[in-house]
Number of protein chains: 2
Amino acid sequence: MIEATPNPVTTVMRALADPTRRAVFERVFESKEISVAELTRGSGVTQGAISQHLKSLKQAGLVAERAEGRNVYYRAAPQGLEPLVTWMDHYGLFWRERFQNLRDLLKEIDP
Amino acid sequence: MIEATPNPVTTVMRALADPTRRAVFERVFESKEISVAELTRGSGVTQGAISQHLKSLKQAGLVAERAEGRNVYYRAAPQGLEPLVTWMDHYGLFWRERFQNLRDLLKEIDP
DNA sequence: GAATTGAATTAGCAGATGCTAATGAATTAG
DNA sequence: CTAATTCATTAGCATCTGCTAATTCAATTC
């Protein structure tokens, strides 16, 4: 079965399924803003590869960019995760169990 | 960067990233139990393909099986989604918004 | 017992994927 | 102005993936 225009869930899952690409997202997420060069350092892959991963993440709506001079700074766009959350809402029944342990968390947010 | 033993998050995401395979999981989830033949019907792919997808899902811990006679019945194992949930717990900050609407749900569970 | 059905496995293939190396465009530094 | 830095893009590649078709084994059915 082929999806003409791929489902958002598919897009996001595919973007995050690759460990290298997911690691890029995580680093972008943890830094408020981070340049491509900085992302490349210690990534184990070339700058070109990083740019390609960033392109995928951007198309999935998971990161956004801001150009400044010759640098391009990326930041996470966690709203991009919404398709995943919605999907899990529906198919992750076992959440119910989690909700039982959630009282503490709620207190933390609104004591 | 190559992962020797792939991360559970990677395993689950990869299993669910493919639309056909995810559709299989969803159908298994919605039926309490379902045979391979039944899954094959209306899936658009051959029985062999379905078996391969089920194998992936099983290795990811997302489904379990029960053999009876010459049939094999599959059921969802939503605990297999835990790696995903844990990951999102960490990287899906925007959950905070959702938590605000959660009070009602909690009351429903423990009035 | 022979034919049928359900399911797993395999070989083989077309297409997708992730990577590198190289190139090019743009900005900054000397 | 020239050299160096940052980033995106491309071609080419080795590998992975999802599929079909075919085979095999097991369990019903006739």
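Convention: sequence-line order gives letters A, B, ...; per-chain numbering from 1.
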Atom CZ of B:R41 and atom P of C:dT5: how far apart are they, to the nearest Å? 13 Å
Would you list the pairs meeting salt bridge (charged side-chain N to carboxylate O under 4.0 Å, His left out) in which at least one residue belongs to residues 40-60 of chain B, sequence neighbours left out? B:K58-B:E65
With a 4.0 Å limit, can you tell me whether B:T40 has a side-chain N or O closer than that to the phosphate oxygens OP1/OP2 of C:dG6? no
Qualifying salt bridge (charged side-chain N to carboxylate O under 4.0 Å, His left out) pairs with a residue from residues 8-20 of chain B, counting only residues at least two apart or across chains: none
With sequence neighbours excluded, residues passing salt bridge (Lys or Arg N to Asp or Glu O under 4.0 Å) with A:E30: none
Closest contact, heavy atoms only, B:R27 versus B:I34: NH2-CD1, 4.4 Å
For residues B:L84 and A:M88, determine if any side-chain heavy atom of one lies less than 4.5 Å from a side-chain heavy atom of the other. yes
With sequence neighbours excluded, what pairs up with A:E38 under the salt bridge (Lys or Arg N to Asp or Glu O under 4.0 Å) test? none
Ignoring hydrogens and angles, state whether a donor on the side chain of B:S56 or B:Q52 is under 3.5 Å from an acceptor on the partner side chain. no
Does any non-hydrogen side-chain atom of B:L16 lie less than 4.5 Å from one of B:L81? yes
Length of the line joining A:E68:CD and C:dA26:P, which is rounded to integer Å: 19 Å
Are OP1 or OP2 of D:dC19 and a side-chain N or O of B:T46 less than 4.0 angstrom apart? no
Rounded distance (Å) that lies between atom P of C:dG18 and atom CG of A:L57: 11 Å
From the set C:dT20, D:dC19, D:dT20, return the single nucleotide nearest to any side-chain atom of B:H53. D:dC19
Can you check nucleotides 5-8 of chain D for protein contacts, nitrogen or oxygen pairs under 3.5 Å, and list what you find?
unit_1 : atom_1 : unit_2 : atom_2 : d
D:dT5  : O2     : A:R70  : NH1    : 3.2
D:dT6  : O3'    : A:R70  : O      : 3.3
D:dT6  : O3'    : A:N71  : OD1    : 2.9
D:dC7  : OP1    : A:V36  : N      : 3.3
D:dC7  : OP1    : A:V72  : N      : 2.9
D:dC7  : OP1    : A:V72  : O      : 3.4
D:dC7  : OP2    : A:A37  : N      : 2.4
D:dA8  : OP1    : A:Y74  : OH     : 2.7
D:dA8  : OP2    : A:S51  : OG     : 2.5
D:dA8  : N7     : A:Q47  : NE2    : 2.8
D:dA8  : N6     : A:Q47  : OE1    : 3.3

Separation of C:dG18 P from A:F25 CZ (nearest whole Å): 17 Å
If one requires at least 3 consecutive Watson-Crick or G-U pairs with distances under 3.5 Å, the stems of DNA chain C turn out to be C:1-30 with D:1-30
Heavy-atom closest contact (B:V28 atom, B:A76 atom, distance): CG1-N, 3.4 Å
Grab the CD-C1' distance between A:Q52 and C:dT20 for me, whole Å please. 9 Å
